[in-house]
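Each remark here refers to the structure printed beneath this line.
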Amino acid sequence: INFTSSCVVLLRAGLLNHVLLLRGCTLDQFFEFFCSIFYEFNTFWRESEPENVMAFGAIRSQFESSLCLRLKRKTEVAM
């Protein structure tokens, strides 16, 4: 639920325009973006080595900030 909401917020803010225009603006491309973000977060989570699941909110915020910066800079997001 968290990442679905995050992706919709990014889409509504126009931050996914570059990504979707490069790859095609279809629902399948949006799903592919969602899956890549979910996978990236998994890697980010593991590298962060959280003490417990209670760190989820803070780590998610860090990840989303980093993702927003990359999208604003139009840096390639893995898909």
Side-chain angles (χ1 to χ4, degrees):
I1 293 172
N2 291 307
F3 288 102
T4 302
S5 173
S6 298
C7 287
V8 170
V9 168
L10 293 170
L11 181 65
R12 288 184 176 159
L15 292 174
L16 297 185
N17 291 349
H18 179 71
V19 173
L20 294 176
L21 289 174
L22 284 176
R23 304 191 186 289
C25 190
T26 66
L27 191 54
D28 286 340
Q29 288 301 325
F30 180 78
F31 289 146
E32 191 173 329
F33 175 77
F34 172 84
C35 290
S36 67
I37 295 308
F38 195 84
Y39 181 80
E40 280 188 35
F41 178 75
N42 180 53
T43 302
F44 190 81
W45 173 266
R46 288 177 173 208
E47 289 173 355
S48 298
E49 298 180 353
E51 285 188 37
N52 56 45
V53 73
M54 296 304 291
F56 177 81
I59 292 173
R60 184 181 126 213
S61 292
Q62 291 172 350
F63 175 77
E64 287 178 345
S65 294
S66 171
L67 178 61
C68 284
L69 282 175
R70 288 187 310 163
L71 290 169
K72 286 178 183 176
R73 294 178 182 158
K74 295 181 174 63
T75 305
E76 186 65 25
V77 176
M79 283 177 67

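- Applying the salt bridge (charged side-chain N to carboxylate O under 4.0 Å, His left out) test to pairs two or more places apart or on separate chains, none has a residue in residues 2-14.
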In sequence, state the C-alpha distance, the side-chain angles, and the governing distance for F56 and N2, and then conclude on side chain to side chain contact (heavy atoms under 4.5 Å, CB included).
CA-CA 11 Å; F56 177 81; N2 291 307; 3.5 Å; yes

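- Expressed to the nearest 0.5 Å, how far OG of S5 lies from CD of E64 amounts to 8.0 Å.
- To the nearest 0.5 angstrom, I37 atom CD1 is 9.5 Å from S6 atom OG.
- Residues F30 and L16 form a side-chain contact, since some pair of their non-hydrogen atoms from C-beta on lies under 4.5 Å apart.
- Nearest heavy-atom pair across F34 and T4 is CE1-N, 3.4 Å.
- Residues F31 and L27 are in side-chain contact: their nearest non-hydrogen atoms beyond the backbone lie under 4.5 Å apart.
- Every residue meeting the side chain to side chain contact (heavy atoms under 4.5 Å, CB included) condition with C68, not counting sequence neighbours, appears here in chain and number order: L10, L15.
- No single ILVMFWY cluster, assembled from side-chain heavy atoms under 4.5 Å apart, contains both F41 and V9.
- Expressed to the nearest 0.5 Å, how far NZ of K72 lies from CG of L67 amounts to 10.5 Å.
- Partners of F38 according to the ring-ring contact (aromatic ring centres under 6.0 Å, His included) rule, which considers only residues two or more places apart in sequence or in another chain, are F3.
- The side chain to side chain contact (heavy atoms under 4.5 Å, CB included) check on S61 picks up nothing, with sequence neighbours excluded.
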Pairs of donor and acceptor atoms involving the side chains of residues 43-52, under 3.5 Å and at least two apart or interchain, shall be tabulated with distances.
unit_1	atom_1	unit_2	atom_2	d
T43	OG1	Y39	O	3.4
S48	OG	F44	O	2.8
N52	OD1	M54	N	2.9

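- The shortest distance between side-chain heavy atoms of R73 and H18 does not fall below 4.5 Å.
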